[in-house]
Structure formats: C-alpha cells, structure tokens
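Only one structure is covered here, and it is reproduced in the block below.
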Amino acid sequence: MFDIDAIRGDFPALIHHQQQEVVYLDSAATSQKPQCVIDAICDFYKNGNANVHRGAHRLSQLATKSYEEAREKAAKFINCQAKELVWTKGATEAINLVAYGLTHLLGKNDVILISELEHHANIVPWQQLAKRSGASLRAIPVDSDGIIHTEQALALIEEQKPKVLAISHASNALGNIQPVQTLIKAAKAHNAFTLVDGAQSLLHLRPDVKALDCDFFVFSAHKCLGPTGLGALYGRYQCLEALDVFQTGGEMVTKVSIKQTQFNPPPSKFETGTPNIAGVLGFSAAIDYLNGLESAQLREHELQLFTYLCEQLAQFSEVRILGDMDNNIGTISFVVGGEHPYDLATLMDMEGIALRHGHHCAQPLMSALGVNGTVRVSLAFYNNKADVDAFITALTNTLEMMA
Ligand code: PMP
C-alpha cells in the first residue's frame, strides 16, 4: 500500500528545523533525500573511508567492492550492463563527455539535431562540438505552448539526416514527456548517434535504456533522491568504445610513458581521478529505497496530484499555463499577466512555498514561448494534497496582494 505519510517521514528535509512543514515544490531542481541516503554517505565516511581501485588493504578492497556493486545496481535500474555505465559528476558532464568524444567522427557536412526546449546542458556542448568539427546544429521547433509535434520532428529528421540526435526525455522547464522512442527510431534509420537527456525522467518514468534503444542516456543522481556531484552516462558498449577520451589522468590507463598512454577499456576509460565514492554509495541507497516502493503506485500518486494541481490552477483566469498537461512528469510552468516571475516566486516564498522562477536554463524555449521566464511548480511522489492546497492558497494571497 502506498502510504504517503510514511514516505514523507523518510525525508527529513520536508520538516525543517523549526518543526514546520516545508512545502517543497522544486523537485525538478533537485529532489529531497531520504534518511537512508544521508546515512549511507555518513556511514562511508565514518566506517569505511578509503580510496577505490587502489591499495591491497581491507578498507580499500571493501570500498571498491561497494562502489562496483553500486554500478551494477544503477545499471540494473536503467536496464544496462555495469560495463556500459560511466560515473560522472552529473548529466552536464556526461553530455560534455559524449559531445567531446564524438569530435573525431563529425565533419562539416554533418548535422547535430537537438530541440528548442532543451536545457542549456543539452545545447551548449553540441554548439561547441559544431564549432570544433564544422558540423551544423539544428533544433526541432516547439509550438507556442512549448510542445514538439512528432510529425514535424520526423519530417525534420528525414530532411536533415542527422549524425547526432540529442533530446531530453522530459523538459525541465515544462515537464513535457517527449516522443523520444519514435524520434530515436527515425534517427537510427540514418545511422545517427542518439542521446537521451534523462535528468528529469529518471525519478518519474523509470526509463529502460534498452527499450528506448538510445546509444547514450545521461542522468544526475541528485534529481533522483541521490546526492549532488554525481551522475552517470549509459553508453551502448561499442558506442562508448568509439568515443575519444574526455578528461585524462590517473586510473583510466593501463600504461603510461612520457611520450604516450594506453587507456583502459570503458567504463574506466572515462573515469579519471578519485571518484565521488560517498556519492555513489548514497545513490546506491537511493536506488534501494526506490526499489522498495511500487513504482506504478508512485507514478499514479504523482499523476493524481498533478491533475489536481492543473485543475486548481486553471481556475485562475490571469494564469497562462505552458506545456503539455496531458503528457507530463508532474511539472507545471506558468506566467501571470505582466507580473515578473521573480516577484511572484519571492512573494510565494514568504508564504512558505519553495518553487522556481526564471528561464530554467532553457532560454531558447523561453524565446519560442515569447516570455522572459516562468514560475515552475515541480512535484515528486513525496508531495501530498496539502502541498498543492498550500500552494493554491499562497497563490491566491499573492495575486490579491499584487492586484
Ligand atoms: N538536463 C536537464 C533536463 C536538467 O533538468 C538538468 C538540471 N536542471 C540538466 C540537464 C543538468 O543537470 P546537472 O546540473 O545535474 O548536471
């Protein structure tokens, strides 16, 4: 049985230090962490601290074992093999790793295709790749509500025959779930490399990389109950092999002389320097936590809450809701007349509501929507109806104050 009160009790940050409940509606920025994740990180530093892949001593061996077991667990979570999962410091680094590693495979006749609603992390690394390789960067357009139309996107893929398709599974600014499987299939018909930015989908959609059939999938642990400073890249093994090395140094090598270096095979080829061991163990606990819950029930709860939120928000005639409400991870973005999103968010904070305002690192999307920014409410399974009610009351008060 899905017990929302018990679940909320697992997240200490939902009760702040003065014992008042926090109305946390900013999970798209970062999710809250259950106590077991916090404990796993503390436990490593208290009882198991040692470097991995080095040293014959017991602590190092144990740390290496737990670290590699966590890789296996994370790989299973997204349905790939452990050797196909590279730890990075986040989704941003993972996209940079791929964009850099593909440089030698692209030339001036090639097209890199993204979409207009990408996070800057899935735009700027491709711009840099285009500069380095001479390739062109193009974007699948969105309509005036920020929605990608599959037919239009497919036509663009047919026309451009991209060498790379890089697209988010779900928009961080609007919550829209993208038709990634259909687009990947079309791009693959032209032998494109395909990358899915799963930063927003991992927690809500439990992606299966084999079902998506993408070559690369990236995510950040902190958006899925884990700690900051950690993420991962899934790569189909032969695609990881095809990438050039990104950052270089110790650990990733089999042989170094002053003149040259032999690199390890993936995933080690991409993991140089001392990794975020405590972070990996924290994320491992996050996966255990999620595996202990029924994912369909979490999604059902999120969807019910999201529907309720949409219905409540639709009652405000001055509110313009953006994005695709029918196909959404549980994130809603809106603007109110000429009011500045910053003013709204600040007043809402005074009412105890934590939400996000601004361009959400998606400036091309904001331009396409004709707005400078939005106010964004993003839900996770640990939110409840009282959170939505508190938000609606605060919005009512705020709009009255602004009138
Ligand atoms: N892509 C999307 C869709 C995101 O929402 C984010 C984080 N807001 C990123 C990429 C970048 O993630 P990180 O900052 O954790 O590297």
Side-chain angles (χ1 to χ4, degrees), residues 78-81 84 86 91 94-143 147-171 176-199 201 205 207-219 233-244 246 266 270 327 364-365 368:
I78 58 168
N79 193 23
C80 70
Q81 295 175 51
E84 296 175 310
V86 180
I95 298 171
N96 274 279
L97 189 164
V98 176
Y100 187 84
L102 285 173
T103 309
H104 67 294
L105 296 173
L106 264 70
K108 66 177 170 39
N109 295 325
D110 291 321
V111 170
I112 305 161
L113 191 62
I114 57 172
S115 89
E116 238 175 0
L117 56 62
E118 299 308 312
H119 186 283
H120 295 163
N122 200 29
I123 301 176
V124 185
W126 303 115
Q127 269 171 10
Q128 295 300 106
L129 170 59
K131 272 194 198 160
R132 281 192 303 276
S133 64
S136 312
L137 180 65
R138 306 241 191 282
I140 300 166
V142 292
D143 70 12
I147 299 170
I148 287 178
H149 292 277
T150 309
E151 292 312 315
Q152 200 182 2
L154 289 176
L156 198 61
I157 290 172
E158 286 316 304
E159 182 196 301
Q160 297 290 331
K161 302 182 179 34
K163 182 85 179 221
V164 177
L165 172 73
I167 187 143
S168 52
H169 201 177
S171 156
N176 301 357
I177 301 168
Q178 311 302 335
V180 283
Q181 239 161 319
T182 310
L183 303 189
I184 287 167
K185 194 165 172 222
K188 285 209 144 315
H190 300 293
N191 295 319
F193 287 101
T194 54
L195 178 143
V196 174
D197 174 355
S201 65
L205 306 180
D208 172 331
V209 295
K210 290 281 158 5
L212 290 174
D213 202 24
C214 52
D215 296 320
F216 302 106
F217 181 92
V218 305
F219 66 81
L233 163 68
Y234 152 75
R236 206 187 289 279
Y237 200 71
Q238 58 280 33
C239 294
L240 287 180
E241 285 180 314
L243 295 180
D244 251 348
F246 178 46
F270 301 106
N327 213 3
L365 172 64

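No experiment lies behind these values; they were computed from the predicted model shown.
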In Å and rounded to the nearest 0.5 Å, what is the OG to CZ distance from S115 to R138?
-> 15.5 Å

Please indicate whether K161 has more than 12 foreign heavy atoms, meaning atoms of other residues, nucleotides or ligands, lying under 6.0 Å from its NZ.
-> yes

How long is the gap from SG on C214 to CG on L183, to the nearest 0.5 Å?
-> 12.5 Å

Side-chain heavy atoms of V218 within contact of V196, under 4.5 Å | no

N176 side chain reached by L117 side chain, heavy atoms, under 4.5 Å = yes

Is the shortest heavy-atom distance from the side chain of F193 to the side chain of L165 under 4.5 Å?
-> no

Compute whether any side-chain donor of one residue and acceptor of the other, for H119 and D197, lie under 3.5 angstrom apart.
-> no

Nearest-0.5 Å distance that lies between atom CD in E118 and atom CD in Q178 | 7.0 Å

Spacing of OH belonging to Y234 relative to CD belonging to Q81, to within rounding of 0.5 Å = 8.5 Å

Heavy-atom distance under 4.5 Å between the side chains of L129 and T103, does that happen here?
-> yes

Would you give the length of the straight line joining atom CD1 of I147 to atom CG of D143, rounded to the nearest 0.5 angstrom?
-> 5.0 Å

Below 4.5 Å, heavy atoms only, C-beta onward: do D110 and S136 meet side chain to side chain?
-> no

Measure the shortest side-chain to side-chain distance between Q152 and P141 over non-hydrogen atoms and say whether it is less than 4.5 angstrom.
-> yes

Donor-acceptor pairs are to be reported for all side-chain atoms of residues 237-244 against protein atoms at under 3.5 Å, with residues two or more places apart or in another chain.
{"unit_1": "Y237", "atom_1": "OH", "unit_2": "P266", "atom_2": "O", "d": "2.8"}

Find out whether I177 and S201 are in side-chain contact, i.e. whether some heavy atom of one side chain is under 4.5 Å from a heavy atom of the other.
-> no

Minimum heavy-atom distance A199-A91, with the two atoms named | CB-CB, 4.2 Å

Could you tell me whether D213 and R236 make a salt bridge, using a distance below 4.0 angstrom between a side-chain N and a carboxylate O?
-> yes

Please name the pair of heavy atoms, one in G198 and one in F219, separated by the smallest distance, quoted to 0.1 Å.
-> O-CB, 4.1 Å

Have H190 and E158 got a donor and an acceptor in their side chains that come within less than 3.5 Å?
-> yes

Taking all non-hydrogen atoms of both residues, which atom of I167 and which atom of N122 are closest, and how far apart?
-> N-ND2, 3.6 Å

Would you sort out whether L106 and I112 count as a side chain to side chain contact (heavy atoms under 4.5 Å, CB included), showing the intermediate values?
-> CA-CA 9 Å; L106 264 70; I112 305 161; 3.7 Å; yes

Minimum heavy-atom distance between A187 and T194, given as atom pair plus value = CB-CG2, 4.1 Å

Quick one: are D215 and I184 in side-chain contact, heavy atoms under 4.5 Å?
-> no

How far apart are the closest heavy atoms of L113 and A139, and which atoms are they?
-> CD1-N, 4.1 Å

Backbone N or O of V111 within a donor-acceptor pair of the Q160 side chain at under 3.5 Å?
-> no

Specify whether Y100 and F246 have parallel, tilted or perpendicular ring planes, treating 30° as the upper limit for parallel and 60° as the lower limit for perpendicular.
-> tilted

Distance, nearest 0.5 Å, that separates CH2 of W126 from CD1 of I114 | 9.5 Å

Determine the minimum heavy-atom distance between V180 and H169, stating which atoms define it.
-> CG2-CD2, 3.5 Å

